Amino acid sequence: MSIQAPAKGWFGPPVGAEKLWIGVALIWCIIMSLAMPYYHFKGKQNSTGESYAVEPARFVDRVNRFVETNQVGEEVVTVSGIEKKIPIVEGVPGGDVYLLGRTWEWYPILKLKKGQTYRVHISSADLQHGFSLLPMNMNFQILPGYDHVLTLTPTSSGEFQIICNEFCGIGHHIMTGKIIVE
Amino acid sequence: MGNFDPQRVRTCKTTGLNVCLDAQFFIKANAVFAVVFLLVGAIAAILLALTRWPAVHLLNDVWYYRILTLHGLNMLIFWILFMEVAILYFACTSLLNSRLAAPKVAWASFLMMLIGAIMVDVIILMGKGDVLMTSYVPLRGHPLFYLGIILVAVGTLTAVILFFATIYIARRDKTYEGSMPLVTFGALAAAIIATVTLLHGAVVMIPTFTWSLGLTPTPDAGWYRLIWWGLGHMSQQVNVCAMVAVWYFLATLTTGAKPVNETVSRVAFVLYILFINLASAHHLLVDPGLGASWKIWNTSYAMYLAVLASLIHGFTIPASIEVIQRVKGFTRGIFNWLTSAPWSDPGFSSVVLSMIIFGFIGGITGVTIGTEQINIIAHNTLRVPGHFHATVVGGTTLAFMGLAYYVVPLIFQREFFMKWLARIQPYIFAGGITLMSIGMSFAGSNGVPRRHWDVEFTGAGIGAGFDAGAHFMLGLMGIGGTIAFIGMLIFILLTVATVFFGRSNAETGMVSWQSADRMKMISDAAGKEAEFEVEKHKTPGTLVLVSVLLVSFVVYYFANWKALAEVWWVR
Ligand code: HEM
Ligand SMILES: [Cu+2]
Ligand SMILES: [Cu+2]
């Protein structure tokens with residue numbers, strides 16, 4: 001009985017069906033453990049966590065500089081009745097691309113080329129945010145003070161939405177952005 | 001020999017265990033407030049389910065986030081911790097035949113926890129703590145919000161220390177012989193993990209509290225997450241340990257089961273203690289600042305040996321039930337032992353449903369989304385609440401409900417009202433939670449975020465939204481959540497009514513949930529040592545069940561690798 005002290009001499013190895021199951025379960029756990037390092041080297045989708053310390057204000061400067069030099073257009077949107085222009089900024093394949101999360105938008109709109117690789121720097125000007133790319137459903141955590149670098153290769157073209165999936169205050173659910181892939 | 005003060009002890013007429021009256025008082029006090037917080041959490045739950053169901057969308061945005069904060073804290077922290085303190089007090093007194101070491105300390109613990117919890121709830125409802133349960137810095141709540149949480153943590157730690165002290169005096173006074181019972185051993189594992197957990201809580205909450213007062217600089221966001229999840233995830237392992245201990249306890253009470261191999265069950269508990277420490281990693285798998293090797297190492301070795309422990313308990317408990325049922329003579333075919341189990345005893349059905357939901361939904365989804373790379377397609381989506389409502393709700397909470405069906409008659413010494421309703425309650429609750437978890441999980445696979453008020457993104461500059469499939473899943477979540485809420489409300493009303501107005505059974509002992517025939521079978525089976533030895537290593541039914549689990553696991557796991565391989569390339 002599990003509510004009474006066990007009889008003397010309770011210590012002993014597993015046998016029979018129990019032993020079989022422990023063996024099978026252990027093998028399965030080892031397979032799952034090995035799958036991760038395997039995919040790290042062979043797989044195309046990994047979260048390496050590459051990042052650099054950055055003052056939020058410095059990061060905002062970098063984003064603004066990136067917008068100034070690489071802007072190719074703009075989109076006019078209405079947020080709570082007020083018109084606003086969001087720059088569309090094209091990245092140079094192989095180069096650095098910047099995306100800023102702040103309450104409550106992803107800034108600016110990025111334009112990328114299918115099959116090309118970019119170093120996408122993402123950080124926050126204020127609170128924690130969640131970078132979530134739809135409809136693919138790719139998610140990364142964005143923290144103030146951390147320049148999170150994703151080495152990203154779009155493999156499909158079209159318009160993709162970015163939403164925020166880390167609670168960042170009352171406007172959290174209208175925090176959106178966009179990536180256009182040609 | 002017990003070490004009781006003769007004035008402060010009674011002998012249970014049903015189980016024959018000695019009950020320390022001081023411990024009994026605190027078991028009652030903690031259990032009653034656990035249910036009060038469960039009620040607060042349940043009211044919040046239905047409001048949330050009806051808000052996230054897009055067809056209803058009940059609350060406005062401000063109240064959605066406020067109630068979400070309330071729900072997370074009242075359920076995950078207050079309901080669970082108060083209940084666990086009650087379990088610890090029981091496991092170290094009655095099961096060890098000991099008195100509670102220091103009732104005054106129990107008072108201190110209880111008052112700190114209660115004041116802290118009320119403080120937190122008041123602050124939240126005043127709108128000064130809209131930071132969600134995790135209170136990720138630099139989101140900032142009222143200082144009393146953090147102070148309340150610190151009080152709850154310190155209060156719980158005090159109870160844990162009292163638990164250790166009671167085990168100490170029980171050993172010193174030789175109140176039991178040999179090794180401690182398995183259930184107490186499980187509770188001990190839970191208490192050890194709880195200590196480490198609560199220390200993490202102190203490390204993270206104290207600087208956050210002083211920051212909220214304006215005394216210290218803002219804690220680093222990444223550091224905060226790392227330490228907070230040392231609290232947040234490890235405390236889930238406390239829940240798992242406590243739940244497994246309750247599984248063993250109820251399996252014994254309802255069927256007479258005894259562990260097939262004590263060593264195996266105990267080693268599995270030790271695995272929890274040793275290998276869960278760094279599992280906070282799997283909340284940080286797509287965080288910046290932590291490298292791939294750190295992430296992989298901490299998810300693989302730490303998590304998978306703890307997963308192994310769960311896989312072991314998932315075998316040993318049904319196996320122990322199968323063995324005892326076969327000893328009773330239910331030997332026909334592979335599953336006769338299972339079909340002739342006491343399904344109308346809510347203590348039994350709760351345990352079995354809890355094991356199924358925890359294993360098949362909670363376990364499989366949890367291990368899969370906790371895989372380093374797969375987390376990219378899961379992090380912060382509704383897959384996460386889909387997973388943990390199957391573990392801590394369908395698993396732990398349901399097991400604790402089953403426990404209450406025995407605690408109320410045995411400790412409060414009251415007979416349940418409307419037993420027929422109590423008998424079906426576990427099925428209603430389990431059905432609702434299953435639907436809700438499935439709805440959440442698959443909505444999340446479509447990218448639907450958690451903690452999000454509006455999946456239509458009304459008013460956003462750049463539009464976004466989800467397809468019909470995701471909306472269907474959100475509807476399923478809403479319906480399942482409503483059913484689960486009804487199941488939970490039945491539980492709360494029945495227990496509260498019974499505790500305060502139920503017929504006393506102090507003179508007669510508990511009226512069993514099962515027929516006299518079945519009870520006789522249990523007591524007869526206890527004597528059949530020879531049959532037990534024969535059946536003990538052959539458990540064909542359990543082998544079939546765990547094989548089904550393993551196959552489902554493998555299929556879901558590889559389906560997710562395949563889904564991951566289809567998204568954009570990223571490093
Ligand atoms: C009737 C039963 C329940 C229902 C219908 C329910 C429903 C929900 C819903 C709809 C959410 C919101 C998900 C989101 O929008 O992100 C939620 C969150 C949550 N629930 Fe429950 N729940 C129930 C019981 C419980 C219990 C018993 C626990 C803990 C023991 C629990 C723990 C949580 C936690 C920790 C969260 C996350 C809060 C956050 O994101 O900060 N729930 N629940
Ligand atoms: Cu955000
Ligand atoms: Cu947000």
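It should be emphasised that the depicted structure is a prediction, and the values quoted were computed from it without experimental measurement. Sequence lines set the chain letters: A, B, ... in the order given, protein chains first and strands last, and positions in each chain run from 1.
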Please flag which part of [X] lies under 4.5 Å from any non-hydrogen atom of chain A: side chain, backbone, both or neither.
| X | answer |
| --- | --- |
| B/Glu177 | backbone |
| B/Ser293 | neither |
| B/Ile377 | both |
| B/Phe558 | side chain |
| B/Ala319 | neither |
| B/Ser94 | neither |
| B/Lys295 | side chain |
| B/Tyr557 | side chain |

Establish, from distance only, whether the side-chain atoms of [X] and [Y] form a donor-acceptor pair under 3.5 Å.
| X | Y | result |
| --- | --- | --- |
| A/Ser156 | B/Trp568 | yes |
| B/Arg571 | A/Gln45 | no |
| B/His379 | A/Gln141 | yes |
| A/Tyr146 | B/Asp220 | yes |

A/His173 and B/Tyr65 aromatic ring geometry - parallel, tilted or perpendicular at 30°/60° bounds =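 Geometry flag for A/His173 against B/Tyr65: parallel rings.
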
query = Measuring from A/Met36:CE to B/Asn375:CG, what's the distance to the nearest 0.5 Å?
reply = 11.0 Å

task = Mind checking the OG-CD1 spacing from A/Ser47 to B/Ile376? Nearest 0.5 Å is all I need.
result = 5.5 Å

Which bit of [X] is near chain B, if near means a heavy-atom gap under 4.5 Å: side chain, backbone, both or neither?
| X | value |
| --- | --- |
| A/Leu20 | side chain |
| A/Ile82 | neither |
| A/Gln161 | side chain |
| A/Val24 | side chain |
| A/Lys84 | neither |
| A/Phe160 | side chain |
| A/Asp126 | backbone |
| A/Ala53 | neither |
| A/Ile30 | neither |
| A/Leu134 | side chain |
| A/Ile86 | side chain |

